[in-house]
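To start, the structure under review is shown below, and the notes come after it.
Fair warning: this is a prediction, and the values are worked out from it, not measured in the lab. The chains referred to below are lettered A, B, ... by the order of the sequence lines, with proteins before strands, and numbering in each begins at 1.
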Protein chains: 2
Amino acid sequence: MQINPQSRDDLSAQIAKAIKDAIIQGDLIVDARLPSEAELCAQFQVSRPTVREALKRLAAQSLIRTQRGATGGAFVNRLNFEDAYAQHITTSTLLLSMNAVSFETACEARYALERACAPLAAHRRKAEHLAIMRAEIRHQSEPDLSDEAFCTSDVTFHRALVDAAANPVLSYQLAGAVEAMQPLMNIITFSARDRAKIIALHIRIADAIAAGDGLAADAGLVQLEQETLYLAKTVFDARSA
Amino acid sequence: MQINPQSRDDLSAQIAKAIKDAIIQGDLIVDARLPSEAELCAQFQVSRPTVREALKRLAAQSLIRTQRGATGGAFVNRLNFEDAYAQHITTSTLLLSMNAVSFETACEARYALERACAPLAAHRRKAEHLAIMRAEIRHQSEPDLSDEAFCTSDVTFHRALVDAAANPVLSYQLAGAVEAMQPLMNIITFSARDRAKIIALHIRIADAIAAGDGLAADAGLVQLEQETLYLAKTVFDARSA
DNA sequence: AGCGCATCAATTGTCTGACATTTGATGCGA
DNA sequence: TCGCATCAAATGTCAGACAATTGATGCGCT
């Protein structure tokens, strides 16, 4: 965590990387206070704006937090699941929207991951998860729901299913896949009959989870994937015609 | 993408959020050029360092890239899988190391996700993936390999398995789970007999993938998970004694 | 002695102005 | 027409200053 030659990288990028590496290596532990901006200036032999740009880079990744005042400064932030979720979802969403990932590819990934949760969710689901799933199913049955609201409810339903697996690492990894799909899903317009089919599958999945039957839940997810793909295909065919 | 009241947030954070939202909403498309720093100063009524701090925040997330010179400026970056991988792995690694996630939880998530890939990998694996897996198995068999090198090779093997599923979204989501586990895995010291067991399972999995037998690969992964948990338990028990 | 309050000092947040550096565009001359 | 020097625009960096925040300090009063 020292030198900074006249390389092609920005000074602020180099400094940010040096501090980031120190955090990853464990040289700077959680809640440790970084040197003040003035001290960092002296240490790296750069001006204060440059140091500040470096610190802002780290703040953007939730690696540090800053606090003003007498005992203020920059502190190593405990990266919590909530912040990581938000970052992951943003990145995943942009990744999908910017790289022309096909609906099929995204859908396949999403359901493959979700099916991985099914057996765990069936074993460990709590009343609260089932309650959310049931509530969303009811919500989805409301006749004058917009397509977008239907998709949002769908995400909440699946999120509850994933959370029921009671593994925060799994929930974190899956958040990206499930939520990032929503913009793609929003393209689809649902007929009343489409919705009925989806809701029926949701009920089937929720029942299976409630009964602790992981295999049945898995089967439901397989059918739901096929149904989703079929609906998407219909929309895309209609659009190209 | 305008106003900036005197709220409690940093001005640079507000500006970064405004631009980020514009990118997510699609108001700024890939490779679009942002206004110059001077123009952004005028638009947001702030000074140049403040604008620059905001831009550095976005650069830290690979949302924009900057270029010097006459036709330079800040451009919306196409978020590629490679950059997203790196970010995701960093975040996942820190999330695990900072939140005292148990080995069991991380291991469960990792193998649950990996098993989701198994059937797809069995169908779609190319010669190159099999070649990597075979090569890593040979590498793991070298007697004077350090524990750390053994773990690195293990990651490469599993990465090839995941990539064999030929779904970039899946690979991206899984990269975090597999690579972030490595620091935890590095704690384990392997006896020669431990390695022999793991290598045997790797061979079994690779054979199953080569044969297109997703179920057999899945069974191999289940055993590998149990073996890994058993090894970790041994280490932890020995450490606490 | 104990409590309350004003002051202080340290630190980050922001601004102004300037200069350095990079790099494509321009225009002139051979 | 080609090649080169110059120019202009933009980012990168620096120096210095002031504002705002906030815990710590010390004084005075009870």
> Quick one: is Arg52(B) getting a side-chain N or O under 4.0 Å of the dG12(D) phosphate, OP1 or OP2?
Replying inline: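 Result: yes.
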
> Looking at Thr50(A), does any N or O in its side chain come under 4.0 Å of the phosphate oxygens OP1/OP2 on dC14(D)?
Replying inline: yes

>> Determine whether His129(A) and Arg124(A) satisfy the following criterion, side-chain contact (heavy atoms from CB on, under 4.5 Å), listing intermediate values before the conclusion.
In response: CA-CA 10 Å; His129(A) 303 124; Arg124(A) 301 185 187 153; over 6 Å; no

> How are the rings of Phe150(A) and Phe190(A) set to each other: parallel, tilted or perpendicular (split at 30° and 60°)?
Replying inline: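 Because their plane-to-plane angle lies in the 30° to 60° range, the rings of Phe150(A) and Phe190(A) count as tilted.
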
>> Angle between ring planes, Tyr172(A) versus His88(B), binned at 30° and 60°: parallel, tilted or perpendicular?
In response: tilted

> Out of dA9(D), dA10(D), dT13(D), which nucleotide sits closest to the side chain of Arg48(B)?
Replying inline: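 Side chain of Arg48(B) sits closest to dT13(D).
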
>> Can you give me the first and the last nucleotide of DNA chain C (5' to 3') that has an atom within less than 4.0 angstrom of a non-hydrogen atom in chain B?
In response: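 Nucleotide range in contact with chain B: dG13(C) to dG24(C).
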
> What is the minimum heavy-atom distance between Thr228(B) and Tyr111(B), and which atoms define it?
Replying inline: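 So the minimum-distance heavy-atom pair works out to OG1-OH, 3.5 Å.
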
> Between Ala70(A) and Pro49(A), which has a closest nucleotide on DNA chain D that is more 5'?
Replying inline: Pro49(A)

> Taking for each residue the nucleotide of DNA chain D with the nearest heavy atom, is it Ser47(A) or Leu34(B) whose nucleotide lies nearer the 5' end?
Replying inline: Leu34(B)

> How close or far is atom P of dT13(D) from atom CD of Glu37(A), stated in whole angstroms?
Replying inline: 16 Å

> Got a second to check how far Ile188(A)'s CD1 is from Cys151(A)'s SG, nearest 0.5 Å?
Replying inline: 7.0 Å

> If only atom types and distance count, is the side chain of Asn77(B) paired as donor or acceptor with the main-chain N or O of Arg65(B) below 3.5 Å?
Replying inline: no

> Does a salt bridge link Asp154(A) with Arg110(A), judged by any charged N lying under 4.0 Å from a carboxylate O?
Replying inline: yes

> Which salt bridge (charged side-chain N to carboxylate O under 4.0 Å, His left out) pairs, counting each pair once, include a residue from residues 47-60 of chain A, with sequence neighbours left out?
Replying inline: Glu37(A)-Arg48(A), Glu37(A)-Arg52(A), Arg52(A)-Glu53(B), Glu53(A)-Arg52(B), Lys56(A)-Asp10(B)

>> Please list, in numerical order, the residues of residues 54-69 of chain B that have a heavy atom closer than 4.0 Å to any atom of DNA chain D.
In response: Lys56(B), Thr66(B), Gln67(B), Arg68(B), Gly69(B)

